[in-house]
Amino acid sequence: MAFVASTKKKRAFDPQTFLATIGEGRKAMLFPKKHTIFTQGDPSAAVFYLQTGKVRLTVVSKDGKEATIGILSDGSFFGEGSLAGQPLRMATATAMTDCAVLKIEKRAMVDTLHREHTLSDLFVAYLLTRNIRYEEDLVDQLFNSSEKRLARILLLLAHFGKEGVPETVVPKISQETLAEMIGTTRSRVSFFMNRFRKWGFVDYSGGGLQVHSSLLNIVLHD
């Protein structure tokens with residue numbers, strides 16, 4: 001009997017299973033399109049993991065100006081400022097499509113990160129990748145034309161480089177949102193989008209936007 005007990009091995013921790021299932025301190029939540037997940041200024045006591053869907057992060061200035069600071073896709077963490085002691089949410093998170101989200105209470109996330117290195121490695125890798133993205137965004141904003149910035153954001157939204165095939169970005173993403181993300185006007189975005197479509201870089205089908213690899217020509221062109 002003792003031999004049987006001694007041969008039992010602790011089940012290996014799988015971070016993907018942890019992020020896909022409910023448990024102590026973890027709650028599965030469904031948010032319909034346009035539903036607010038949390039609002040800027042709300043108490044910050046949990047981190048969220050986006051299982052499926054797309055989420056828009058926005059901030060509002062004191063004088064009421066709104067800016068889009070990111071659009072998240074499957075496999076993204078958000079609201080992680082709570083882990084660093086951030087008392088209030090610094091942005092608003094809104095579902096752009098129907099979303100499946102795992103809400104992880106701060107204590108549960110911190111304890112698991114300390115205990116399970118596979119999860120902490122995955123989490124740190126995500127944060128580093130996103131930090132690189134923010135640095136690239138800054139360089140893009142400082143040195144590239146608005147046309148190149150629009151092309152780059154469309155390629156990022158389409159996850160180009162992951163699959164190498166056109167993918168629907170976000171159904172009916174507004175030109176106002178794209179303008180906010182690249183720091184230009186809606187009329188300029190409309191002008192560039194019409195030109196991209198004329199050149200065959202993008203097209204609209206089924207209510208969504210298809211981005212083609214040829215759009216890289218805009219980003220790479222000097």
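What's counted below: heavy atoms across the whole structure, side chains too, no hydrogens, waters or symmetry copies. Model, not experiment: these values are computed from the prediction.
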Distance, nearest 0.5 Å, that separates [atom1] of [X] from [atom2] of [Y]:
X	Y	atom1	atom2	value
I22	K103	CD1	NZ	14.5 Å
N144	I218	CG	CD1	12.0 Å
M181	R149	CE	CZ	12.0 Å
F196	N217	CZ	CG	11.0 Å
I153	I182	CD1	CD1	8.5 Å
S61	Q40	OG	CD	9.0 Å

Check ring pair (Phe, Tyr, Trp, His ring centres under 6.0 Å) between [X] and all other residues, then give those that pass, not counting sequence neighbours.
X	result
F13	F18
H117	none
F123	F77
F201	W199

Consider only side-chain heavy atoms of I, L, V, M, F, W and Y, link residues closer than 4.5 Å, and tell whether [X] and [Y] are in one cluster.
X	Y	answer
L154	I69	no
F31	I71	no
Y49	L30	no
M96	V60	no
L50	I37	yes

Review point. So which residues get pulled into I132's cluster when ILVMFWY side chains under 4.5 Å apart are joined, directly or through others?
Key: none
Check your understanding: Under the 4.5 Å side-chain heavy-atom rule for ILVMFWY, direct or indirect, which residues accompany L128?
Key -> V124
Is there a donor-acceptor contact under 3.5 Å from the side chain of [X] to the main chain of [Y]?
X	Y	result
T97	G53	no
S190	R186	no
E66	V59	no
D98	K33	yes
T94	K34	no
Q51	L19	yes

Point to revise | Partners passing side chain to side chain donor-acceptor pair (under 3.5 Å) against E180 (at least two apart in sequence or in another chain) | key: R56, T68
Review point. Residues two or more places apart in sequence or in another chain: which of them pass side chain to side chain donor-acceptor pair (under 3.5 Å) with T118?
Key: none
Nearest non-hydrogen partners of [X] and [Y], listed with the distance:
X	Y	result
V55	A93	CG1-CB, 4.0 Å
S146	F192	OG-CE1, 3.3 Å
R89	Q86	CA-OE1, 4.2 Å
A28	L102	N-CD1, 4.0 Å
T112	A108	OG1-O, 2.7 Å
V47	S82	N-OG, 4.0 Å

Practice item. Decide whether K54 and S73 meet the rule of one side-chain donor and one side-chain acceptor closer than 3.5 Å. Key: yes
Exercise for review: Taking atom types as modelled, find out whether R26 and T21 have a side-chain donor-acceptor pair closer than 3.5 angstrom.
Suggested key: yes
Review point. Just wondering, are more than 12 heavy atoms of other shown residues or ligands nearer than 6.0 Å to CE in M90?
Key: no
Check your understanding: Considering residues, nucleotides and ligands other than L127, do more than 12 of their heavy atoms fall under 6.0 Å from its CG?
Key -> yes
Point to revise | Pairs meeting criterion salt bridge (charged side-chain N to carboxylate O under 4.0 Å, His left out) with involvement of residues 121-142, two or more places apart | key: E80-R130, R133-D137, E136-R152, D137-R152, D140-R152
**Study point:** Residues forming a salt bridge (Lys or Arg N to Asp or Glu O under 4.0 Å) with R188, sequence neighbours excluded
**Key:** none
Practice item. May I have all residue pairs that pass ring pair (Phe, Tyr, Trp, His ring centres under 6.0 Å) and include part of residues 94-116, sequence neighbours excluded? Key: none
Practice item. Not counting sequence neighbours, list each pair that qualifies as a ring pair (Phe, Tyr, Trp, His ring centres under 6.0 Å) and has a residue in residues 81-107. Key: none
**Study point:** Name of the residue among L209, V211, L178 meeting side-chain contact (heavy atoms from CB on, under 4.5 Å) with L157
**Key:** L178
Exercise for review: For salt bridge (charged side-chain N to carboxylate O under 4.0 Å, His left out), just list the numbers for R107 and D111, CA-CA rounded to whole Å, side-chain angles, deciding distance to a tenth of an Å, and then say yes or no.
Suggested key: CA-CA 6 Å; R107 176 47 54 193; D111 288 347; 3.1 Å; yes
